[in-house]
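Atom set for the values below is all heavy atoms of this structure, side chains included, hydrogens, waters and symmetry mates excluded. Each chain gets a letter, A, B and so on, in the order its sequence line appears, and its residues count up from 1.
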Amino acid sequence: MYAINWDVWLPLCILASSLLPGLLIFFLPEERVVMRTLLNLGGASLKLVLVGILIWGVFNGHHYEFRFSLLPGLDLVLRADALSLLFVALSAVLWLITTVYAIGYLEGSPHRSRFFGFFSLCVTATVGVALAGNLMTFLLFFEMLTLVTYPLIVHRGTQEARRAGRIYLAYTVAGGTSLLVGTVWLYGLAGSLEFTSQGFVADLVTGHRVELVIIFVLLIAGVGVKAALLPLHGWLPQAMVAAAPVSALLHAVAVVKAGAFGIVRVVYDVYGIDFAVSLGVALPLAILAAVTILYGSVRALFQDDLKRRLAFSTVSQVSYIVLGTAIVGPVAAVGGLVHLVHQGVMKITLFFCAGNLAETLGVHKISEMDGVGRRMPWTMAAFTIGAFGMIGAPPMAGFISKWYLGLGALEAGQGWVVPVLVGSSLLNAAYFLPVLYRAWFKVPAASWPAERSFGRVETSLALLLPPLITAFLSLLLGLLASAPFSPLQWVRFIITLEYVP
Amino acid sequence: MLAQSFSWQVTVIILPLVAALLCFMLPKWGRWLGLVMAFAITGSVIVLAYQVMNQGALRYAVGGWGAPLGIDLYVDGLSLLMLMVVALVGLVVSVYSMAYFKAGKAVHFWPLWMLLWTAMNALFLSADIFNLYVTLELLGLAAVALVALAGGVDALGAAMRYLLVSLLGSLCYLLGVALLYHSFGTVDIALLAERVESTPAVWAAMALMTVGLLFKTALFPLHFWLPPAHASAPAPVSALLSALVVKASFYILLRLWLEVFSQDSTAAAQLLGVLGAAAVLWGGVQALRQTRLKMLIAYSTVSQIGYLFLVFPLASLMAWQAGLYLLLSHALAKAAMFLAAGNILCFGGHDRIADLDRVAQRLPLSLTAFALAGVSSMGLPFSGGFIGKWMLLDAALQSGQWWWVAVIIVGGLLAAAYIFNVIGHSFTRAEISHEAKPVPAIMEWSALVLALAAVLMGLFASWPLAVMDIGAPFGGGGS
Amino acid sequence: MSSDLFYALTGASLFTLGLYALIKHAHILRKILAINVMGSGVFLLLVALAAGGQQAFDPVPHAMVITGIVVAISATALALALMLRLREASGLAVLPDTSPEELSEQLPEAPSDVASKNNGKNA
Amino acid sequence: MNSALTLPSLLLIPVLPLLLAIALMLPPLRRFALWFAPWAALPALVVSLLMVPGVSVELPWLLFGSYLGFDETAGVFLFFTALLWLVAGVYSTGYFSESCSRAWFLSWFLLAMAGNLGLIVAQDMVLFYTFFTLMSFASYGLVIFQRTPEALRAGRIYIILAVLGEVMLFAALVLAARAAGSIEFVAVQSALAEAALRDWIIGLMLLGFGIKAGVIGLHVWLPLAHPVAPTPASAVLSGAMISAGLLGWLRVLPLGELALPGWGGVVLAAGLLAIFYAAFVGLLQRDAKTVLAYSSISTMGVMTAALGLGFIAPENWPLILAAILVYALQHGLAKAALFLGVDMVTAAPVSKWQRYLLIAGLLLPALSLAGAPMTSGMIAKYLLHVQAASVASFWAGWLQVLLPWSSVATCLLMARFLYLVWPRQRAGSVVVVKTRMMWLSWTVLFMVVVLSPGFLPFSAAEGLWLPEKLAGALWPVVFAGGLAAVIYWLAKHGKWPFHFRIASGDILLPVERVLWPVLHAMMLRSYRTLFKRRFLLSIYRRVGQCYSGLVFLLEAGENGFRRWAVGASLFLVLVMIFMFLAWQIIF
């Protein structure tokens with residue numbers, strides 16, 4: 001009995017491990033720093049431990065599922081399957097790191113209780129998205145994510161921040177609506193929304209092909225807003241005005257990832273890749289992703305603001321995941337899914353570093369970065385690793401994804417993908433290498449825009465350690481890609497489930 | 001049909017009436033009496049609910065007379081839910097009002113409010129259309145008096161107009177009652193439902209009663225009286241009016257359409273839907289343009305009422321349930337919004353949206369209440385509004401009338417736009433500190449409790465939906 | 001034409017007349033009077049139609065009318081009280097958002113400053 | 001060497017320089033690491049000498065499962081590459097006077113070394129590519145080390161081409177891995193023969209590695225980058241890293257598997273063109289290191305041509321491979337010896353006596369490059385010549401004819417080089433302090449160059465030292481020497497009629513001056529028209545106009561509704577409409 005209980009409640013506990021600290025933090029007075037830090041880190045660590053137990057359990061054949069009736073015939077389902085574990089583990093690990101970073105970053109700034117409260121809620125929603133066992137639950141947490149991220153984006157309260165928040169909402173709420181309509185419609189047709197590996201639509205719906213295509217478009221448009229697919233990406237570069245930990249969260253841990261994850265869910269577990277192909281929607285999606293990849297990179301090329309450049313880079317990189325998903329075939333799918341993890345780790349490194357530059361030196365623009373590598377060698381070393389990862393240079397994590405994508409595309413007979421990958425790599429190099437050049441090889445200016453001194457180290461340790469850890473991770477994930485329990489191995493395991501009946 | 005020795009139906013009507021009298025006669029004790037009685041009424045509603053859930057729909061003939069001569073009190077799932085939401089909102093508003101009204105106005109507020117409660121409880125329990133008229137009129141008068149409580153030209157003018165609207169609407173309704181009674185010799189809804197047939201008198205009655213009730217429900221384009229009235233009333237009154245009073249006339253409309261006019265009046269139903277759609281859009285756009293918080297909330301009510309009318313053209317079981325669910329969650333959310341707005345007004349002395357930054361950051365609980373209620377209004381999860389919207393969308397898609405889907409979506413987006421327009425201001429960095437009056441914690445928490453209730457409606461939908469089915473109020477209108 | 005029908009038609013006419021006056025006149029007192037006229041019309045109709053029924057004697061309509069009259073009286077009282085308060089506060093017994101033309105039409109003695117005040121509010 | 005030591009020793013080859021590079025970056029370890037850094041290539045050298053070829057170990061966790069191994073090809077490459085890195089490393093301790101810039105230099109140097117040594121022992125494409133990338137990017141730091149405008153320009157050109165090469169290789173390797181279903185070299189080489197996209201793969205490989213190997217057309221970075229780098233870096237760039245591209249070809253191209261005359265012809269022709277074109281342009285240079293760089297391009301041309309021969313005649317491939325290996329070996333050693341010598345000649349503290357000795361010492365590697373008798377260069381040329389003669393093909397015939405003339409070209413280049421470094425020039429830019437280490441390293445290298453013919457296994461077997469063969473190798477040297485003397489005499493007396501020069505980077509210049517600015521302007525312009533405000537602004541404005549109209553409508557509408565007469569009339573109208581609708585139902 002005891003064991004069965006845990007199988008039900010563990011997913012909920014994982015949710016609660018960030019929800020409850022978040023709610024408690026809201027009520028903490030501003031000056032109770034220690035208590036707040038304790039709650040933050042305690043929640044994050046607890047979540048990590050619980051996720052560890054979950055992974056161990058799933059690996060040992062436990063079936064974790066929490067079910068709660070929401071409407072007659074529609075349940076709120078939290079379930080731990082292999083795919084959700086990938087995302088849960090990613091967000092749990094990165095959340096802990098980001099929390100440390102955020103504590104360091106926001107030291108002494110106003111409204112910290114509010115910030116960390118929403119911060120925790122944001123991760124709760126992300127974990128909910130990850131653990132969602134049906135489209136309804138996914139939708140619920142997806143929308144919740146929209147709402148709790150908004151306060152983080154506008155946290156600084158400046159005019160630009162509010163504008164960014166408005167744009168963010170305009171996009172995401174519209175996207176959420178599209179998702180809602182698609183979901184309701186699909187529910188009307190299929191009568192169920194339960195995620196099933198290889199999709200449930202094909203089994204439950206006969207005929208209605210036109211409707212199913214429209215629903216697919218609605219669903220993909222809904223999640224695609226967060227994944228910043230091409231015509232829907234406008235909010236992401238705007239949202240870079242938010243504080244660095246928020247950007248990290250947006251780009252690497254939560255929002256964008258939730259969107260990409262949603263696309264994976266819709267394609268694999270709602271429609272099923274084979275059925276999506278037979279509907280003729282997979283190839284257009286792949287092409288859209290490819291266009292986004294190139295478009296984002298081209299835009300990034302022309303940005304002088306560092307975070308803006310990184311934001312456009314995200315637009316481009318996230319579409320790798322979509323591309324891998326939309327190409328039929330296990331190898332490409334491995335490439336796409338593993339990029340979910342890899343992109344997260346690499347991009348979070350870059351944003352941490354950008355935040356360090358801004359916080360320590362007041363450097364926001366690339367044109368101000370001359371010689372910054374001498375002043376902050378550790379930060380820039382981490383940045384360099386992240387940038388090379390984005391370019392896809394071996395042995396960084398980005399290379400692993402790119403390799404699998406290329407290989408998978410060839411396997412699926414979609415040779416056109418290889419030039420896209422090559423072009424993207426070139427563009428990535430074109431916009432990252434000049435930054436590195438400036439940072440390492442140019443002579444620093446006489447003074448920095450707004451320098452703060454931290455004694456012997458280049459910046460505070462809470463700011464320095466997170467990017468170093470994630471940079472190390474992005475190196476390690478590539479270098480030891482074939483080690484047991486590496487994301488790559490885990491993704492291969494997931495894909496076996498998806499492709500082998 | 002036998003008279004029971006003791007009826008909880010009667011109790012829930014008598015208790016507030018007694019309370020009103022007591023409050024009137026003992027003005028000094030008004031506040032405490034009101035509060036105690038609010039708890040008592042809520043308790044008796046709970047008991048009644050328990051009874052109904054165990055025994056199914058109940059009919060009680062007052063004094064043992066029975067229809068057609070006597071007064072019947074009928075309670076099924078629909079009326080029970082209405083009673084309960086009135087009790088919940090009423091209780092919280094009572095607690096809020098304890099702190100809100102200072103000596104002078106409290107004297108007037110408590111008797112009027114208890115009278116309003118009496119009228120509402122009686123209305124939801126009435127089983128015949130004439131009784132509905134009386135309670136409706138009583139409700140209107142109490143509501144008008146409450147609006148006038150605020151004093152000042154704006155409030156008085158708005159109250160006056162509200163009164164005229166109310167009277168005009170009820171007179172039309174009464175005319176309809178006369179026509180129906182003439183045709184079928186009864187005013188009991190159940191009997192009418194059995195006897196009704198299509199005659200010119202019925203359609204005239206239908207038109208008169210429907211439009212009369214639309215007027216009181218403030219459906220576009222007859223909404224013009226609502227924003228000034230709701231915006232100029234004191235905060236607890238606004239909450240009551242927006243959350244409950246407009247719903248009462250809608251409730252009558254729903255009953256009539258479900259039982260009496262249920263035969264295939266599709267064109268009229270479509271017209272109701274069109275008006276509802278227009279209300280959703282017009283109210284939303286107008287809300288977007290407002291510079292005052294309370295006006296914004298009032299226009300939001302105009303918009304939200306529109307949703308309720310989208311169920312008429314759909315006319316499936318799911319649609320009715322969706323409508324009712326939207327009604328309930330709107331009641332909770334809108335009350336929370338007005339209470340939160342009241343807090344902000346009380347704290348900062350104004351409700352200009354553009355200057356909210358000075359205020360809102362220092363009232364985090366009220367702001368949270370507003371935001372959560374806003375989430376429900378937008379129909380985003382987790383909230384009752386989401387569940388209602390989900391079911392409404394489902395019903396619309398299943399009936400193949402996809403154009404309502406477009407309306408629902410645009411309405412939701414408009415709601416998001418105007419709600420976030422407010423919330424966005426509260427994040428602005430406020431450099432200028434502001435002279436402010438402290439707000440009692442109980443007022444902040446009241447707003448929050450209602451907002452949380454609206455949110456919880458989104459998590460525990462099965463229970464209200466099960467209650468809704470008691471006595472199958474939608475059975476006749478079902479697909 | 002039976003007398004019942006005559007009464008019924010008279011009731012309907014009263015209702016319509018009242019409605020017209022309610023819409024047309026700006027002064028609140030006239031509106032209140034109009035409402036009362038409408039009410040009388042409805043009561044007349046109710047009684048007349050009841051009498052036309054098959055039953056010789058039906059007490060229900062009478063009970064209804066009596067109840068209705070009680071309601072009408074209290075409503076009128078409330079309306080009059082409100083009107084006085086409004087006049088006290090604003091100096092005019094008209095609804096807000098009344099256009100100046102209507103004002104000048106209905107209340108020749110209306111001071112121009114009130115009209116302009118209303119005008120300003122509209123803008 | 002037993003198998004238990006295989007894995008650690010193979011791993012040590014790239015890992016030791018990597019670890020030292022990291023240690024150099026950490027301030028507490030820097031002093032310590034500076035001691036060991038110059039010697040980082042020593043284990044590799046030891047392995048190359050002691051390890052028995054034919055071992056391979058798997059590293060299952062690394063990347064996609066990687067293989068390290070040691071075979072004959074690796075042995076030759078590892079030997080001269082490690083030797084060069086070792087010598088250059090030791091040389092650098094004297095070259096850089098202050099420890100700060102030495103540490104900075106050595107960290108790049110070690111990273112590039114790790115890449116270069118690692119790729120030699122890599123036995124699969126991905127690991128090879130990984131080390132190749134490391135080497136490519138780390139070399140950038142070496143190229144721009146001096147931070148002069150020329151260095152920065154060279155660096156820019158280099159990095160652009162390197163990145164291009166990287167992505168082409170990526171595409172090629174992915175295609176190859178797909179075709180082979182494996183990333184092991186052995187599997188890939190054989191699978192490539194039947195691959196559907198074979199021509200794409202081969203083409204991309206040739207281009208991708210060709211950038212590093214200085215294939216004609218892609219060679220433009222070489223004459224820019226090699227001269228501007230610090231001398232020890234130039235030595236390894238020109239001697240070792242240039243061969244990495246060649247090794248890439250040898251590893252993945254389906255050489256010896258099947259005959260591809262088409263590719264063979266193209267490659268051979270490109271090689272021949274490179275030999276003479278580079279020599280011609282090189283002769284017009286005025287900087288000694290630039291001349292050496294062009295000489296490298298020219299020599300790589302020979303090897304490219306040999307590769308083309310391999311495409312044409314797969315059955316001869318083992319022998320052609322041997323020729324290429326010898327060529328690469330002798331070129332690497334000789335070229336490095338020349339590069340290291342340049343600065344020692346021109347630098348101030350070297351005494352006059354030493355300088356003349358040095359000149360004499362430079363002459364020998366130069367002659368080796370030219371394939372003069374009794375040098376390893378002669379062996380290489382001879383081996384290649386034999387193979388060219390044995391293949392009956394149009395292009396092979398040309399190779400056979402032109403090979404001696406390539407010696408003439410090289411010889412002329414060397415004459416030009418020696419002329420340029422002649423001690424009358426005193427414009428040494430580098431101040432050398434610790435000459436002892438530089439002398440030591442240079443001398444070691446010189447000795448290896450001198451002795452190399454002795455330990456190459458071919459000389460005795462082929463009877464190379466017979467007089468007629470020696471004569472065959474001698475005439476180009478004599479001819480070129482004579483020609484050079486004549487030209488020198490003419491020029492000295494002002495009778496040399498040709499006075500034009502081609503700036504280093506030759507065909508790059510039109511691209512850089514014309515094509516790139518035009519392209520750049522076009523890109524910027526199209527970007528601006530697409531994404532800048534003007535376009536969006538017009539939309540906003542139009543929307544704004546509509547919006548203000550709408551606002552008016554909304555305001556007027558709502559004010560209208562508020563008027564009692566309007567509102568109540570609407571009420572009446574609605575009653576009518578509902579009655580009308582009901583009427584419709586009934587009748």
Side-chain angles (χ1 to χ4, degrees), chain B residues 157-158 160-161 164-165 168-169 171-172 175-176 197-216 218-228 261 263-272 274-275 278 281-290 295 299 302, chain D residues 25 27 520-587:
Chain B
M160 191 68 228
R161 183 153 51 184
L164 291 176
V165 165
L168 178 54
L171 278 175
C172 284
L175 194 56
E197 53 200 48
S198 284
T199 63
V202 172
W203 52 255
M206 192 270 277
L208 283 166
M209 295 170 94
T210 303
V211 182
L213 289 169
L214 289 188
F215 211 174
K216 299 187 77 145
L219 181 65
F220 177 88
L222 307 176
H223 65 282
F224 58 89
W225 58 269
L226 186 143
F261 304 130
Q263 67 270 52
D264 49 8
S265 44
T266 40
Q270 286 288 339
L271 179 59
L272 281 181
V274 169
L275 292 180
L281 303 180
W282 185 266
V285 174
Q286 292 292 351
L288 209 49
R289 291 185 49 238
Q290 299 308 314
M295 279 301 262
Y299 271 108
V302 171
Chain D
M25 295 172 197
H520 191 250
M522 273 169 59
M523 263 164 55
L524 265 182
R525 195 161 164 189
S526 51
Y527 179 83
R528 287 202 178 120
T529 44
L530 272 176
F531 301 120
K532 284 296 165 177
R533 299 259 161 77
R534 213 173 300 154
F535 173 64
L536 285 175
L537 258 185
S538 66
I539 294 180
Y540 282 144
R541 210 166 287 152
R542 209 153 300 158
V543 170
Q545 283 162 0
C546 296
Y547 182 71
S548 58
L550 191 71
V551 164
F552 175 75
L553 198 74
L554 289 171
E555 214 168 271
E558 190 62 18
N559 285 337
F561 287 137
R562 287 227 184 129
R563 285 170 54 191
W564 174 257
V566 177
S569 308
L570 273 171
F571 172 78
L572 207 58
V573 170
L574 268 183
V575 174
M576 298 298 180
I577 294 176
F578 268 96
M579 285 196 179
F580 174 72
L581 289 176
W583 175 287
Q584 293 241 304
I585 297 157
I586 294 161
F587 302 103

Turns out that what part of B:R289 lies under 4.5 Å from chain D's heavy atoms comes down to side chain
Can you name the nearest heavy-atom pair linking [X] to [Y], along with the distance?
X      : Y      : value
D:G567 : B:L222 : O-CD2, 3.9 Å
B:C172 : D:F571 : SG-CZ, 3.3 Å
B:L208 : D:M579 : CG-CE, 4.1 Å

[X] side chain near [Y] side chain, heavy-atom distance below 4.5 Å:
X      : Y      : value
B:P221 : D:L574 : yes
D:W564 : B:L164 : yes
B:L214 : D:F578 : yes

Return the set of residues passing side-chain contact (heavy atoms from CB on, under 4.5 Å) with B:A278 (not counting sequence neighbours), or none when no residue passes. B:F220
Nearest 0.5 Å, please: how far is [atom2] in [Y] from [atom1] in [X]?
X      : Y      : atom1 : atom2 : value
D:F561 : B:W225 : CZ    : CH2   : 15.5 Å
B:Q286 : D:E555 : CD    : CD    : 8.5 Å
B:T210 : D:I577 : OG1   : CD1   : 13.0 Å

Pairing residues for B:W282 by the side chain to side chain donor-acceptor pair (under 3.5 Å) criterion, not counting sequence neighbours: D:E558
